[in-house]
Number of protein chains: 2
Amino acid sequence: MVVPTMADVARRAGVSAKTVSNVLSGYPYIRESTRERVLAAVDELGYEINVTARILRSGRSGLIGLAVPELGQPYFGELADEVLAAARRRDVQVLIEPTGFTREGELAALREPRRRLVDGLVFSPAALDQSDVHLLENLDYPLVLLGEQVFSTHVDHVTMHNVEGARAATELLLDVGCRRIAAIGMLHARTAGSATLRFQGYREALEDRGLAVDDRLLGWADDGWHRANGARAMAAVLDTGVEVDGVVAFNDALALGAMHELGVRGLSIPRDVAVVGFDDVEDARYSVPSLTTIDPGRREIAQVALDLLLRRLDEVGSPGGSVRPPVLHVADMRLVERESTPRRV
Amino acid sequence: MVVPTMADVARRAGVSAKTVSNVLSGYPYIRESTRERVLAAVDELGYEINVTARILRSGRSGLIGLAVPELGQPYFGELADEVLAAARRRDVQVLIEPTGFTREGELAALREPRRRLVDGLVFSPAALDQSDVHLLENLDYPLVLLGEQVFSTHVDHVTMHNVEGARAATELLLDVGCRRIAAIGMLHARTAGSATLRFQGYREALEDRGLAVDDRLLGWADDGWHRANGARAMAAVLDTGVEVDGVVAFNDALALGAMHELGVRGLSIPRDVAVVGFDDVEDARYSVPSLTTIDPGRREIAQVALDLLLRRLDEVGSPGGSVRPPVLHVADMRLVERESTPRRV
DNA sequence: GTGAAAGCGCTAACAT
DNA sequence: ATGTTAGCGCTTTCAC
């Protein structure tokens, strides 16, 4: 026998296949002695259930998809770990589908649940834009959107306080006396993503104090929010000759790249230039100087997203139950002050 | 019709289900007109194949498992991205299984292929030790081990030059005049992992120059190779009062944590203390100062591991073919000199 | 509390 | 170049 099946276990335990199935799926009404015999047979044969057959027959896989751009970016790597941890607590498995920041990758991820391997999708879009909203509505499976603007009122969303976070970051800099604040991480693409929202928070904070946005202070990073691009964008801003006394970067990698460039140019942080990042990745705590940043509430985001998805899956499973309206959950954000900004007085 | 099946597509195209199957799986001998009619029907119905049924019937899933400790650690996040990219090129999908640095998690990952969802496993062990070798041998599915010591000569391995890398790092420090070199990242657990090997390279380099290992220069990081532990281990070493003029850290996160601690203590890098890391994660290029490190050849490791696994899968698929002996592939390592070490003369 | 029969949607094996 | 038949291993349904 190459690999044992449920029928083999049943034969050995002297019961039917259905009873083995009942034992393994936690059906409660089973005589203790029967359960023991079955489990013993499972052990003796080294039996492992064939999940594929189980999924085919039951129509539910207990697998959910997690579509994120790229795991090498610590924000997404850490987010994936949080989702995986939450999934373990809820006894479901996660199939990670990296979309590579491409439209094509994101469309492929959206097709995946229709192939019936995953029951639903947690999706962090980065390339789709407002004109793609229709792709996200009227899907025949549960979908939860993560971490970006609210595209649509017909889909569950879990987002962070993007605008408020960027606003809080900018206000901190204003409070400590900065007046020439660069924004690092601008995108030309109108992807309705974090960039647009974080820029909005930056702009609002400036305008509240009667300051205008100076185009020379905008650092562009269309090739992705990596450190290299943070350094490059910072260099581009400094090369215009404009005066800079503060930096709001749209994520921590950009901030760390910008800090690197400031260091190369002999500028001291926070004395000459104060810097704030966004995301609170592990790196932010151990850079020199350590980085003031916005904690977006990653754990909360992961946990809430998963629970929303599981709730929708239950609704699908129990027809007749009233379908709840779409949920918008905004996780708590928190400004974490560290050494890259002077203390507020 | 809630969700169309192959039979529905067949009916619409006026062919049999088998022909639809042939078209979708790339079987070549099909009349062009037939193919077109089938694809048109697929399009019209919005049909997506049920991968679960396909796997159950064919016995091959086209999915491979990737078992790594934690995606939030940039080394593993970047490694996962490389494996995923290689898999995309080879047209297979990857199910990532984080093991959380636990024995239990690693044992669970090893059971996964027997549940028939994944065809084989690329496994980066971190908690198993030499006494667990038997668990890796005589498995009934293909397994490729990643990035650690050679446990067993009966399993395919893809490793980096751990000993040689640590040796090159240490020799660089010796060459630039360091004599009191700390090693950061020691583990008490005998997990036959990178720690042991990298320490061996460190020790060999010292002994080649007639220097002994000084226990006070060993920084322990049993809670994981994170920045926090690098900072803590560096602090512990400095607190012994021992003189330090160089640091070899067993990964980049530890190195960056150690650099942070050195900065806090007012020590200048590389003037007072020179620092070398290990892994060449993206961070290493943009720290201040940028970090000299060992590039382990991650892309090569990912690509070779995947190809080995796919080759084994082919062997399983074509019985009668002679089974190749286990392969040990050691990827090229490279010392990347940056600002955290003085130039060699 | 347990079993028998049917069938989820696909592809292997074979036929034509 | 395409169709027919059977069955992958499990769970649903229903019987007792």
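Basis for what follows: all heavy atoms, side chains included, without hydrogens, waters or symmetry-related copies.
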Of A/Arg57 and B/Arg57, the one whose closest nucleotide on DNA chain D sits nearer the 5' end is B/Arg57

I'd like to know if the side chain of [X] reaches the main chain of [Y], judged simply by a donor and an acceptor atom lying under 3.5 Å from each other, with no hydrogens or angles considered.
X        : Y        : value
A/Asp119 : A/Ile64  : no
A/Ser21  : A/Ala17  : no
B/Asp8   : B/Thr5   : yes
A/Arg116 : A/Arg60  : no
A/Glu106 : A/Ala126 : yes
B/Thr99  : B/Thr102 : no
A/Tyr141 : A/Glu112 : no
B/Ser61  : B/Leu117 : yes
A/Asn50  : A/Ala53  : yes
A/Asp81  : B/Leu71  : yes

So, with a heavy-atom separation below 4.0 Å from DNA chain C, the residues of residues 111-120 of chain A are none

Residues pairing under ring-ring contact (aromatic ring centres under 6.0 Å, His included) where one sits in residues 15-65 of chain A, two or more places apart or in two chains, turn out to be A/Tyr27-A/Tyr29

Sorted by number, residues from residues 14-42 of chain A placing a heavy atom under 4.0 Å from DNA chain D are A/Lys18, A/Ser21

### Query
Hey, does A/Ile49 reach any base, or is it just sugar-phosphate, or nothing, if we go heavy atoms under 4.0 Å?
sugar-phosphate

| message | For a quick check under 3.5 Å, do B/Gln303 and B/Arg89 share a side-chain donor-acceptor pair by atom type? | response | yes

Under a 4.0 Å heavy-atom criterion, DNA chain D is touched by chain A from D/dG9 to D/dT13

In the 5' to 3' direction, the nucleotides of DNA chain C bounding the stretch that comes under 4.0 Å of a heavy atom in chain A are C/dG1 to C/dG9

Salt bridge (charged side-chain N to carboxylate O under 4.0 Å, His left out) filter on B/Arg299, not counting sequence neighbours, yields B/Glu82

